[in-house]
Amino acid sequence: MPNKSAKAAHQEFDVVVVGAGPAGVACAVRSAQLGFTTACIDNWSDEHGQSSLGGAFLNAGTVATLALLESAKLFYTLQHDINKHGIQAEQITVDIPKLIKRKDNIVESLRKNAADLFKKHHIKLIHGKAKLCNERLIEVSSVENLSVSRVEAKHIVLATGSLPCQLACAPTDNDTILDSATALNIQSLPRRLAIIGAGVIGLELASIWNRLGSKITLLEAQDTFLNLPDHIISREAYRIFSAQGLDLRLGARVIATKKTSQGITVEYLTNEGPQTLHADKLIVATGRKPNTEGLAAPEANLLLDENGYVHVDNNCRTNLPGVYAIGDITVLGPMLAHKGMEEGVFVAEQIADTHNPINFDRLPSVIFTDPEIAWVGQTEQALRAVGEPIKIGTYFLRDTAKALTLGKSDGLVKIISHSESDTILGVHIIGPQAAELIAEAVLAMEFSASSEDLVRTIHAYPTLSEGLHHAAQTIVNSK
Ligand code: NAD
C-alpha cells in the first residue's frame, strides 16, 4: 500500500510525459529542446529495481526481437548455407544464454543512450506509477519507497504503451506458457514450440526460434494469413515460411491448454472439429492492449473507448484541455514505435505552436521475420474495393544480381500506382532488407512521386533497390 502519510512532495513543470517508451522519450526530449521544463514519469524497473527507459519496445519488444533474429539467422547460415560458399564449418552449436545476454547488452546500451539524452536535456525522470487526477495534476506512487507525490503540469502527455493480451484458456506462467516478452528470454532451446497467433509478434518469434532449430507450430484462429500487407505478399510469406518448416495452421482457434510432465497440450478447434497439439513450450501472441488501467482517476473524466484506448482527435488531444495521448494507447493508427515517436515530436511542437501535421498515409510497417516484410500505403485489394483505377508492377527479387549473390533470392516488390496520374499509392515488399528498402518508397510517396519518377531515378547496380526500379518499370512499360 502506498504510504499516504509520507509528506507529499510537490513539483511543477511545463510538460509532464507519462511513460518512457519510444513515444514518451521522443516527446520529452523534443519538449526539453523547445525550452520547456520537462519531467517524465515511468514505472519500468530493471532486474535491480532501477528505473529503465525505453518501455516495452526496447526492454521486451522489437529491439530485443531484432537482436535475437540476427543471431538466429547467423546460426542458421553457418549450419545450413555456409557450405554453398565452399566454407566448411562443422559442429556449429549455439549457446542460448550467451545469445540472450548479447541481446540484453544491446538493450542495456540503448537504455543508457536514452538516460544520457534525459541528462543532457535536463529532463527530470520520476520512477513511479502515475495517476491523472485532473488536467493539471498527476499523483505519483514511487516505485522505490511507495511514497505518494504530486506533480503539476501546464501540459500532460500520456504515453503508457501497451501490454500483451492474456488468453483465459492459456494463462502465462513464464515457464511453460510464455507471453511475447518472456519468449525473448528462453534459456534453452525448446524442441517443440507452439505459438498462438500468427500475427506480427507470432511470426517474428517463430522466425527466431525456427532458425535456432525448434519445430514451430503456429495456431491462428483466422482462416486467412496475414491480412495487413497486400495479398501477394501474404501468399509469398506463407509459401516461404512453410518451406522453412513453420507449421502454419489457419482456422485453428485455441480453446484449452493443459500442462503435462512433458510440456503442454493445446486443444484447438478447426472446421474438422477438435484437435490436439503437444509441445514443450507455448507462446501466447494474440495481440496487445492499451496500458490504461488505473491511468486516470474516475473523477478526471478521461475519455476511453470500450477497449481501453484513449480517445484523441487527429492532433493527439484527449477530451481534457492540455492533456494529450500518443503511441499505442490511442485510438489513432497501428501500434508502431515510429508512429508513437512521430506523435511525440508532433505534440511537443504543438505545445510550442510550431508543429506540422503528420501524414499517417505514409506510415511504413515492418515485420522482422526472415525474410523481412515491409509496406507503405494501400493494398491492391483496398484500392479495388473503392473502385480506384490502378496499375500494378511486380518484380521478383530472384531476378536481381544482388539477391543471387546474397543467396537470398526469395521475395518480391509490388508497386501500385494510379492509372491516370501514375502517383504511387502503395509499395509492398518481402525479401532481404525489406525494412531498409521501404524507406525509398516512403520518401517517394512523401514527395508524391510517380512510378515514372522511380524509373528515372538512377539506382546503383547491383543492389536490392533495383527491385523497386524494375517494379516501377513494369508499370511504365504497361502504359
Ligand atoms: P496481431 O493482432 O497482429 O496478431 C494476433 C493474432 O492472434 C491474430 O491473427 C488473431 O487472429 C490470433 N488469435 C487471437 N486469439 C486466438 C486464439 N484463441 N487461437 C488462435 N489464434 C488467436 O497481434 P500481435 O502479433 O500480438 O501484435 C500486437 C501489436 O503490436 C500489433 O498492432 C503489431 O503491429 C504491433 N507490433 C508491431 C511490431 C513491428 O512493427 N515489427 C512488432 C511487434 C508488435
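Note that ligands are numbered from 1 as they come in the structure, with each ligand's atoms numbered from 1 the same way. Nothing here was measured: the structure is a model prediction, and the numbers come from that model. No hydrogens, no waters, no symmetry mates; every other heavy atom, side chains included, goes into these values.
Near Ala252, with a cut-off below 4.0 Å to any heavy atom, the atoms of ligand 1 are 19 (N), 20 (C). Using a 4.0 Å cut-off to heavy atoms of Leu336, the atoms of ligand 1 that qualify are 40 (O). The contact set between ligand 1 and Leu167, taken as ligand atoms under 4.0 Å from a residue heavy atom, comprises 18 (N). When each atom of ligand 1 is checked for a heavy atom of Thr62 under 4.0 Å away, the hits are 42 (C). Contact atoms of ligand 1 toward Arg253: 19 (N) (distance under 4.0 Å to a heavy atom of the residue).
Taking the centre and axis of the six-membered ring of Phe396, the NZ or CZ atom of Arg398 falls inside the cone set by 45° and 6.0 Å. For the pair Arg211 and Tyr76, the distance from NZ or CZ to the six-membered ring centre is under 6.0 Å and the angle to the ring normal is within 45 degrees.
In this structure, the protein non-hydrogen atom closest to atom 9 (O) of ligand 1 is Glu220 OE1, 2.7 Å. Given atom 15 (N) of ligand 1, the protein heavy atom at minimum distance is Thr286 CG2, 3.5 Å. Given atom 26 (O) of ligand 1, the protein heavy atom at minimum distance is Gly287 N, 2.9 Å. For atom 39 (C) of ligand 1, the closest non-hydrogen atom on the protein side is Val366 O, 3.4 Å. Shortest contact from atom 7 (O) of ligand 1 to any protein heavy atom: Gly197 CA, 3.3 Å. The nearest protein atom to atom 43 (C) of ligand 1, hydrogens excluded, is given as Ile201 CG1, 3.4 Å; this is a heavy-atom distance. With respect to atom 30 (O) of ligand 1, the closest heavy atom belonging to the protein is Arg288 CD, 3.6 Å. Of the protein's non-hydrogen atoms, the one nearest atom 1 (P) of ligand 1 is Gly199 CA, 4.1 Å.
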Working note: Lys402 + Glu466, criterion salt bridge (charged side-chain N to carboxylate O under 4.0 Å, His left out); need CA distance, chi angles, decisive distance, verdict.
CA-CA 9 Å; Lys402 181 67 184 272; Glu466 271 180 76; over 6 Å; no
Could you go step by step and tell me if Arg288 and Ser162 meet the side-chain hydrogen bond (donor to acceptor under 3.5 Å, both in side chains) rule?
CA-CA 6 Å; Arg288 296 182 68 82; Ser162 59; 2.8 Å; yes
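A salt bridge links Asp410 to Arg239: at least one charged side-chain nitrogen sits closer than 4.0 Å to a carboxylate oxygen. The existence of a salt bridge linking Arg249 and Asp247 is confirmed by a sub-4.0 Å separation between a basic side-chain nitrogen and an acidic carboxylate oxygen. In this structure, Glu388 does not pair ionically with Arg384, as no charged nitrogen and carboxylate oxygen lie closer than 4.0 Å. Using a 4.0 Å cut-off between charged side-chain N and carboxylate O, Lys112 and Glu108 make no salt bridge. A salt bridge links Lys414 and Glu380; the closest N-O separation between the charged side-chain nitrogens and carboxylate oxygens is under 4.0 Å. Using a cutoff of 4.0 Å between basic side-chain nitrogens and carboxylate oxygens, Asp95 and Lys101 are not scored as salt-bridged.
If you look at Ser180 next to ligand 1, there are no close heavy atoms at all, none under 4.0 Å. Contacts between Leu219 and ligand 1 below 4.0 angstrom, taking non-hydrogen atoms only, involve the backbone exclusively. The proximity of Ile196 to ligand 1, defined as any non-hydrogen pair under 4.0 Å, is limited to the side chain.
The shortest separation from a heavy atom of Ser365 to ligand 1 is not under 4.0 Å, leaving the residue out of contact. Ligand 1 has at least one atom lying under 4.0 Å from a heavy atom of Ala285.
Around the CD atom of Gln381, the shell of radius 6.0 Å holds more than 12 heavy atoms that belong to other residues, nucleotides or ligands. Residue Asn314 places its CG atom among 12 or fewer non-hydrogen atoms of other residues, nucleotides or ligands, all under 6.0 Å distant.
Residue Val254 has at least one nitrogen or oxygen atom sitting less than 3.5 Å from a nitrogen or oxygen atom of ligand 1, judged on distance alone.
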